[in-house]
Amino acid sequence: MPTPSSAPSRLPPSPPSPLLTQNREMRAIGAWNWTLPAWAGRLPEGHTYNTCPSAGICRHVCYARHGTYTWPVVKAKHEANLRFVLNDLPAWEQAMITELGAKKFRGVWIRIHDSGDFFTDAYTRGWLRVIRARPDVNFYAYTKEVARFRALVEPDPPENFLWVFSFGGTQDAALDPERDRVADVFPDEESITAAGWHSQQASDLLAVLGPRLVGIPANRIPRFLKRLNGRTFRSWQAEVDAERQAHHRSSARSGLRLITGNRPETHDNAEERRAPEHQDRAA
């Protein structure tokens with residue numbers, strides 16, 4: 001019978017290393033990426049999270065919730081990244097700054113989030129400190145956190161950081177294609193050209209270095225294409241927003257109080273209802 005001193009101890013998991021990786025797409029353009037788990041979930045130790053708080057219809061056809069992203073080893077790495085951020089944001093910042101000091105990162109591009117988003121103010125400010133600490137490295141990101149970027153990034157953006165707002169989120173109405181750099185997912189390359197937008201298919205860096213209206217061809221995943229149903233993310237999100245506004249107006253006219261979470265079950269909200277509640281431990 002083991003004594004208390006000989007019983008195995010439960011040590012917290014070590015921080016992941018390295019923090020930055022290269023998937024096939026990033027390797028092709030000489031860039032590196034930082035990844036979190038997509039949207040909402042629960043870590044093995046029980047903590048719930050939502051790394052994409054402004055996700056809208058995009059969560060129903062998210063490439064990062066399909067294929068290799070769901071493999072146990074890959075998923076565990078992404079969860080370890082998130083755990084590091086949640087448990088010790090200052091230590092994560094320092095580790096990222098240190099790793100980016102390697103000669104191989106000088107002058108290259110880092111994509112912040114090929115999955116996940118800037119899910120809290122504290123985390124966003126952490127990235128801004130990292131970016132400013134490494135002016136010889138270039139950073140870029142897609143984001144749906146429009147209000148957060150308006151408040152924290154746009155007033156004084158680092159010179160080595162570029163971003164593109166992507167349609168398909170709950171803050172789409174705040175985007176102005178006449179002023180903002182924006183990205184939309186289209187059914188195919190032909191529809192991008194027909195709309196007068198510019199594809200980033202040749203290189204993901206075109207999302208921030210090419211023309212301002214960025215078209216992304218939809219992933220050729222049959223069940224996702226079926227749900228997209230020939231729409232763009234922007235048009236699909238607009239349909240959902242209009243339906244919700246009409247429902248609110250109807251409820252107001254009838255004098256009924258809308259109770260969140262008690263809506264009729266539809267293909268657009270069923271998955272949301274099953275997701276765990278967001279627990280913001282980084283703020």
I'd like to know whether T193 forms a side chain to side chain donor-acceptor pair (under 3.5 Å) with E189, so could you lay out the CA-CA distance, the side-chain angles of the two residues, the decisive distance to 0.1 Å, and finally the verdict. CA-CA 6 Å; T193 302; E189 288 281 349; 5.3 Å; no
Decide yes or no on side chain to side chain donor-acceptor pair (under 3.5 Å) for S191 and D188, but give the supporting numbers first. CA-CA 6 Å; S191 58; D188 49 40; 3.0 Å; yes
Evaluate Q237 against D241 for side chain to side chain donor-acceptor pair (under 3.5 Å), listing each step before the verdict. CA-CA 6 Å; Q237 185 67 49; D241 291 345; 3.0 Å; yes
Could you walk me through whether Y142 and W163 pass the ring pair (Phe, Tyr, Trp, His ring centres under 6.0 Å) check? CA-CA 6 Å; Y142 295 79; W163 65 92; over 10 Å; no
Just do the side-chain contact (heavy atoms from CB on, under 4.5 Å) check on H60 and W236 with the steps written out, would you? CA-CA 11 Å; H60 299 303; W236 186 5; 4.2 Å; yes
List the steps, then state whether side-chain contact (heavy atoms from CB on, under 4.5 Å) holds for N33 with T21. CA-CA 6 Å; N33 51 286; T21 56; 3.6 Å; yes
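Here the closest heavy-atom approach between residue R129 and residue A122 is recorded as NH2-O, 4.4 Å. When all heavy atoms are compared, the tightest approach of V146 to A174 is CG1-CB, 4.0 Å.
In this structure, R65 contributes its side chain and C62 its backbone to no donor-acceptor pair below 3.5 Å. The backbone N or O of T35 lies less than 3.5 Å from no partner atom in the side chain of S115, so there is not a single donor-acceptor pair. Side-chain N or O atoms of D180 include none that pairs as donor or acceptor with a backbone N or O of V182 at under 3.5 Å. Within the 3.5 Å criterion, the main-chain N or O of G56 finds a donor-acceptor partner in the side chain of R59. Side chain of S250 to main chain of A246: no donor-acceptor pair is present (N/O by atom type, distance under 3.5 Å, no hydrogens or angles). Side-chain N or O atoms of R231 include none that pairs as donor or acceptor with a backbone N or O of S235 at under 3.5 Å. The backbone N or O of I97 lies less than 3.5 Å from a partner atom in the side chain of R134, making a donor-acceptor pair. R181 contributes a side-chain N or O that, together with a main-chain N or O of G210, makes up a donor-acceptor pair within less than 3.5 Å. Looking only at distances, no side-chain donor or acceptor of Q171 sits under 3.5 Å from a matching main-chain atom of E145. No donor-acceptor pair under 3.5 Å is formed between the side chain of T232 and the backbone N or O of V185.
R148 is listed as a side-chain neighbour of P53, based on a closest heavy-atom distance under 4.5 Å. Taking the side chain as every heavy atom from C-beta outward, Y49 and L36 never approach each other to under 4.5 Å. For the pair W127 and R132, the minimum side-chain heavy-atom distance is 4.5 Å or more. Side-chain contact between N50 and F119: absent, with no pair of heavy atoms (C-beta onward) separated by less than 4.5 Å. Inter-residue side-chain proximity for E45 and H47 is flagged as met; some heavy-atom pair is nearer than 4.5 Å. You'll find the side chain of D114 reaches within 4.5 Å of the side chain of R111, heavy atoms only. Counting heavy atoms from C-beta on, the side chains of F84 and L89 never come closer than 4.5 Å. Proximity of F186 to F233: side-chain heavy atoms (C-beta onward) are nowhere separated by under 4.5 Å.
With rounding to the nearest 0.5 angstrom, the CG atom of N138 is 8.0 Å from the CG atom of L162. Between the CD atom in E79 and the NZ atom in K77 there is a gap of 12.0 Å [rounded to 0.5 Å]. Distance check: L19 CG to E99 CD gives 4.5 Å after rounding to the nearest 0.5 Å. If you take CD on Q22 and CD1 on I110, they are separated by 8.5 Å, rounding to the nearest 0.5 Å.
Summarising the local packing, NZ of K75 is surrounded by 12 or fewer heavy atoms from other residues, nucleotides or ligands at distances under 6.0 Å.
Taking the six-membered ring where tryptophan is involved, the planes of Y69 and H78 are tilted, since the angle between them lies from 30° to 60°. Using bins of under 30°, 30° to 60° and over 60° for the plane-to-plane angle, the ring pair Y123/F118 lands in the tilted bin. Note on ring orientation: taking the six-membered ring where Trp is involved, the planes of W197 and F167 are tilted (angle from 30° to 60°). By the 30° and 60° cut-offs, the orientation of the rings of F165 relative to F149 is perpendicular.
Under the 4.5 Å side-chain heavy-atom criterion for ILVMFWY residues, no single connected hydrophobic cluster contains both V74 and Y63.
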Indicate every side-chain donor-acceptor pair of residues 216-225 with a distance under 3.5 Å to a residue at least two apart or in another chain.
unit_1, atom_1, unit_2, atom_2, d
R220, NH1, P187, O, 2.6
R223, NH2, H66, ND1, 3.3

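Every residue two or more places apart in sequence or in another chain was checked for a side chain to side chain donor-acceptor pair (under 3.5 Å) with N160, and none qualifies. For H198, there are no ring-ring contact (aromatic ring centres under 6.0 Å, His included) partners two or more places apart in sequence or in a different chain.
A salt bridge is defined here as a Lys NZ or Arg NE, NH1 or NH2 lying under 4.0 Å from an Asp or Glu carboxylate O, and R234 with D172 fails to meet this definition. The existence of a salt bridge linking D117 and K144 is excluded, since no basic side-chain nitrogen approaches an acidic carboxylate oxygen closer than 4.0 Å.
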